[in-house]
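Notes follow once the structure below has been shown.
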Amino acid sequence: MHALTLHNSLTRRREVFAPINPQRVGLYVCGPTVYDRAHLGNARPVVVFDVLARLLRVLFPHVVYVRNITDVEDKINARAAELGVSIGEVTARTTAEFHADMAALGALPPNEEPRATDNIPQMIAIIEKLIANGNAYEAEGHVLFSVESDPHYGRLSGRSPEEMQAGARVEVAPFKRDPGDFVLWKPSPANPEGPELPGWDSPWGRGRPGWHIECSAMSWRYLGEDFDLHGGGSDLLFPHHENEMAQSCCAFPGSRFAHTWVHNGMLLVDGEKMSKSLGNFRTVRDVLALAPGEAVRFLLLRAHYRATLDFTEAALAEARRELDRFYRALARHAPAFAETPAEVPRPLMAALCDDLNTPAAIAALHVLADQAMAGDAEAAAGLHAAGRVLGLLQASPEAWFHGDEEDAGVAAAIAERIAARKARDFARADAIRAELLARGIALEDNASGTSWRRVESGAAS
RNA sequence: GGUCCGGUGGCAGAGUGGUGAUGCAGCGGACUGCAAAUCCGCGAAUGUGGGUUCGAUUCCCGCCCGGACCUCCA
């Protein structure tokens, strides 16, 4: 059995992962705010933590993976107003799109996917505890968390409240006792002029939750006051995660909230931060038009999860070529591993248990592929099993190479070319091959005949 | 300005206090009608200046460069 080590953002060092209860390992990951299609930056944590969840399931008998849906947030309100549709319509549609996109990337659904709006009573309960404990106060219809009341505030992000004030670039609301105080609950007054804001009755009047409270509520409900792992993008470390932890630890004195924090690095596009103004904003759906979802997933796993990852179309094409080789290796032994699932090879487990080192894991995949190419059926079965933990290589080689588009005429063209070759009319044979290549179909003659595969359309020789 | 992370061959990307994985691309060869695929082989890297050390790519400090965050709903 390999010991899993993970870099814990809380301690800033790598630690051996020791679950609170090995019979029930808990993982909470911040999910999407459903106001627009998922972009590549949203996809990275989903894929990274999908691998972590798969790995945990290999190591432990029972894993509860919780990923929330944030369906109350002002960006959603703005989006609904912009589109002239209801908030519910925006969140329902965006959630469905999110599910479809993540499925295309091979991410398994989490065990629990709670919605913020289904957990308002839990949020109110936590806020009441915070007020009772002297960690929160009411001001002008808002309820605010008092940063000063929490001696540990800043521990996760490594900032002191004083430091943060120095660089503060946003005006501080006058009703705050401390500039660092943040909103737990805010008023949603009826708005006769514009669109209605979402609101729920609370001890502080009709209102809606602040940004951070939902994760405290949902992790508490599904995983308890103390739980094993909390994941998310490194951009959420502050303020979101810091505030989450402060709220939860103060609401439940004596608890530590998440014991291990795991943060994935940011994603760049062509070396630049992805942003709408730069015009390099890539949605998952856009990228799925360029390559199979599995290639996108593989690309995301080629870099270590904590490193910044630069997305380029060249890297996507390379990811696809690498997968081509793996599928070729599997194709040589297809029936050998189809029935009985093999044990996950040790080198793969060793790499993943070493702080989820997916690049090293992929190197292990290449070793297995070499062996499979050389005729080792056991290695092929191991490759397939290794792919299962990474969420890769589970398609049939044929499906991978042929895709699911219509391939009308390909078989006939191949037959014609075989006839031409038999007649030693190589000019005709080569013309047929070139024609198919122009359609994005590459031919390969081998001992057993002629096979074909899809390549990037327009790919040169 | 503050906090944090990173800078490895043409590109991508690991590891490591003692002759630097893996992949893609390139080059040579085998195979092929020619290719592709496969196989064999080749060249190619640790930002910079110091320090610690018998020895640093790895540890420490400075510098340069790149990136994330610095707040609560504008």
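Lettering follows sequence order; numbering is per chain, from 1.
- At the heavy-atom level, Glu318(A) lies under 4.0 Å from base atoms of the strands shown.
- G17(B) and A21(B) have their P atoms separated by 15 Å, with the value rounded to a whole Å.
- Using a 4.0 Å cut-off between a side-chain N of Lys or Arg and a carboxylate O of Asp or Glu, Asp150(A) and Arg155(A) do not qualify as a salt bridge.
- No salt bridge links Glu294(A) with Arg320(A); every basic N to acidic carboxylate O contact stays at or beyond 4.0 Å.
- Residue contacts for Asp354(A): at a heavy-atom cut-off of 4.0 Å it reaches no nucleic acid atom on any strand shown.
- For Ala429(A), the listed nucleotide lying nearest its side chain is G33(B); candidates were U22(B), G33(B), C69(B).
- Ranked by how close their nearest RNA chain B nucleotide is to the 5' end, Phe426(A) and Glu73(A) are led by Phe426(A).
- Counting any heavy atom pair closer than 4.0 Å across all strands shown, Lys75(A) reaches no nucleic acid atom.
- Asp181(A) comes within contact range of at least one nucleobase, with a heavy-atom separation under 4.0 Å.
- The nucleotide whose nearest atom lies closest to any side-chain atom of Arg424(A) is, among G23(B), G33(B), C69(B), G33(B).
- For Tyr28(A), the ring-ring contact (aromatic ring centres under 6.0 Å, His included) partners are His230(A), not counting sequence neighbours.
- Nucleic acid contact for Arg12(A): none, since no nucleic acid atom lies under 4.0 Å from a heavy atom of the residue.
- For RNA chain B, runs of at least 3 consecutive pairs of the Watson-Crick or G-U wobble type, with both hydrogen-bonding distances under 3.5 angstrom, map to B:1-7 with B:64-70, B:10-12 with B:22-24, B:26-30 with B:38-42, B:47-51 with B:59-63.
- Spacing of C1' atoms, G9(B) relative to A44(B), comes out at 5 Å, to the nearest Å.
- Here U38(B) is the nucleotide among U22(B), U38(B), A35(B) with the atom lying nearest to any side-chain atom of Arg332(A).
- Less than 6.0 angstrom separates the ring centroid of His366(A) from the ring centroid of Phe326(A).
- Set against A14(B), C72(B), G67(B), the side chain of Phe182(A) has C72(B) as its closest nucleotide.
- Identified under the side-chain hydrogen bond (donor to acceptor under 3.5 Å, both in side chains) test for residues 370-379 of chain A, with sequence neighbours left out: Arg325(A)-Asp370(A).
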